[in-house]
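Remember, it's a predicted structure, so these values are computed and weren't measured experimentally.
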Amino acid sequence: MALSDPPGAAAEPASEAAEGPALLAVGIDHRSAPLELRERVAFSREDSEGLLLRLMARPEVAEAYLISTCNRTEVYLRPREQERAFRAAMELAFARAPEVERDGRFWVLHDSEAARHLLAVACGLESMVLGEPEILGQVKRSAELAEAVGSCGTVVKRLLRSALQAGRRARAETEIGEGAVSLGYAVVELARHIFVGVEGRSCLVLGGGETAVLAARALVEKGVRDLRFALRGTHRHEELGQQFPGARLTTFQERYATLADCDVLIASTSADEPVIEAGELRQVMRQRRSRPLLVVDLGVPRNVGRRVGRLDNVFLHDLDSLQHLVARNLEHRRAEVPRVEAIVAEELEHFGSWYQGLAAEPLVAELQRRAERIRLQEVEGARDRFPTELQDELDRLTRSLVRKILHHPSTRLRAGGAERRLAHLELARELFQLGEGEEE
């Protein structure tokens with residue numbers, strides 16, 4: 001059976017000892033499957049919890065993590081047996097859409113490539129909208145669920161920590177998420193340029209279609225306090241009232257009177273001719289006492305007369321100018337991709353080093369136990385020579401001394417490449433006589 005991989009993911013299972021932990025990722029996303037297929041394998045929080053529990057009930061699965069959004073459903077496993085773990089993922093996660101496997105609509109990644117993919121997802125590199133910010137929160141919430149269920153153990157938990165760290169760094173150290181790349185948020189960006197911020201501003205929306213709603217939602221999310229809709233009829237009033245509980249609904253005939261109190265006008269109707277003309281708007285602007293007005297024409301054909309843009313304190317933008325802004329911002333985000341990929345590579349290296357360092361943990365633990373036994377023997381032998389009121393201080397002082405002496409050797413034993421670490425471990429065994437049985 002051929003397994004589908006996303007672009008650039010030539011992944012054969014690697015040697016766990018040499019390359020890092022054995023991992024398996026199976027998923028579908030906006031590149032591999034259409035929306036109607038992704039919808040069928042999307043998991044709610046409750047469904048996700050059930051899936052993780054069923055995966056952990058399989059003996060071939062040691063750890064499990066699931067992220068499911070409108071654009072992706074991805075299962076990450078720490079398998080005890082690769083092929084059987086893969087079958088478990090397909091049977092449990094994608095049973096509601098058998099054509100996922102039949103038509104090769106899925107991808108599979110192994111080991112370091114699976115880890116790299118999760119870090120890239122958290123950074124927004126794999127999103128339909130490059131750099132979109134919501135995915136980091138979705139990765140975090142899914143990680144919290146996996147931890148609550150108990151499906152992520154030492155390795156997957158540390159991998160998730162690396163993914164979240166990469167995502168936070170990408171947003172703090174690069175501009176991968178800067179600039180609007182959708183029409184709705186492009187309106188917000190224009191408003192911010194004119195009014196400094198949109199918090200507390202008021203907006204009138206002409207029309208109630210999908211484009212109008214998306215623009216209105218973006219403005220409300222960013223702080224517009226007063227939202228009003230002006231529609232030709234009342235057939236969408238109930239629906240808009242449910243989507244925007246605080247919005248006010250007015251008649252289309254009152255649009256000019258309403259504009260006297262608004263800062264932003266969004267025009268998105270199906271009218272064949274302009275519904276906002278310069279003559280009427282000029283009268284409105286006289287009432288506004290030099291207050292600026294942002295007019296965004298999202299209509300096709302245009303809803304706003306061309307001469308409107310010549311009025312004092314009126315800033316007119318249409319679909320072409322918004323799409324130009326979106327294209328410019330998207331190009332800027334693309335230019336940030338190499339910097340984000342460098343962050344992913346750094347955090348992936350830290351994860352690999354951490355995993356390789358686990359090989360030193362048994363010896364480090366033995367070294368610490370050996371030191372603690374010696375400390376206790378010496379303290380007990382000397383305790384009678386100290387007053388009772390100083391004996392707690394003696395314990396504290398000697399514990400601190402041992403901890404500080406062992407800190408650097410323990411750190412060095414965990415660090416370095418595989419060959420160097422092996423040499424350090426052998427030297428430590430010889431120097432401290434570790435692994436030779438308990439002392440008398």
Just checking, is any N or O donor in the side chain of [X] or [Y] under 3.5 Å from an acceptor N or O on the other one?
X      : Y      : result
His110 : Gln82  : yes
Glu175 : His332 : yes
Ser112 : Arg116 : no

- salt bridge (charged side-chain N to carboxylate O under 4.0 Å, His left out): which pairs involve residues 118-137, sequence neighbours left out?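 Pairs touching residues 118-137 that pass the test: Arg31-Glu126.
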Non-hydrogen atoms of [X] and [Y] that approach each other most closely:
X      : Y      : result
Val402 : Ala371 : CG1-CB, 3.8 Å
Ala260 : Arg291 : O-NH1, 3.3 Å
Leu23  : Phe351 : CD1-CE2, 4.5 Å
Ser48  : Leu145 : CB-CD2, 3.6 Å

Side-chain donor or acceptor of [X] paired with backbone N/O of [Y] under 3.5 Å:
X      : Y      : answer
Arg255 : Val275 : yes
Glu81  : Arg84  : yes
Arg105 : Val100 : no
Asp263 : Arg201 : no

- Query: Under the salt bridge (Lys or Arg N to Asp or Glu O under 4.0 Å) test, which residues partner Arg38, sequence neighbours left out?
  - Reply: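 Not a single residue meets the salt bridge (Lys or Arg N to Asp or Glu O under 4.0 Å) criterion with Arg38.
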- Query: Charged N to carboxylate O under 4.0 angstrom, Glu147 versus Lys157?
  - Reply: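 So Glu147 pairs with Lys157 through a salt bridge.
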Return the [atom1] to [atom2] distance between [X] and [Y], rounded to the nearest 0.5 Å.
X      : Y      : atom1 : atom2 : value
Arg310 : Leu316 : CZ    : CG    : 11.0 Å
Ser127 : Arg72  : OG    : CZ    : 5.5 Å
Lys140 : Leu164 : NZ    : CG    : 7.5 Å

- Task: Quick one: do Tyr65 and Leu159 satisfy side chain to side chain contact (heavy atoms under 4.5 Å, CB included)? Show the steps, please.
- Result: CA-CA 10 Å; Tyr65 168 73; Leu159 174 61; over 6 Å; no
With a 4.5 Å limit on heavy-atom distance, are the side chains of [X] and [Y] in contact?
X      : Y      : value
Leu190 : Leu294 : yes
Phe43  : Val75  : no
Leu66  : Thr73  : yes
Leu259 : Leu281 : yes

- Applying ring-ring contact (aromatic ring centres under 6.0 Å, His included), which residue pairs with at least one partner in residues 221-243 are found, sequence neighbours left out?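 Residue pairs passing ring-ring contact (aromatic ring centres under 6.0 Å, His included), neighbours aside: Phe229-Phe244.
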- Test log, rule side-chain hydrogen bond (donor to acceptor under 3.5 Å, both in side chains), inputs Gln165 and His350: CA-CA 11 Å; Gln165 175 67 4; His350 294 331; over 6 Å; no
- Message: Using side-chain hydrogen bond (donor to acceptor under 3.5 Å, both in side chains), reason through Arg158 and Ser162 one step at a time and then give a plain yes or no.
- Response: CA-CA 6 Å; Arg158 182 62 176 79; Ser162 296; 2.6 Å; yes
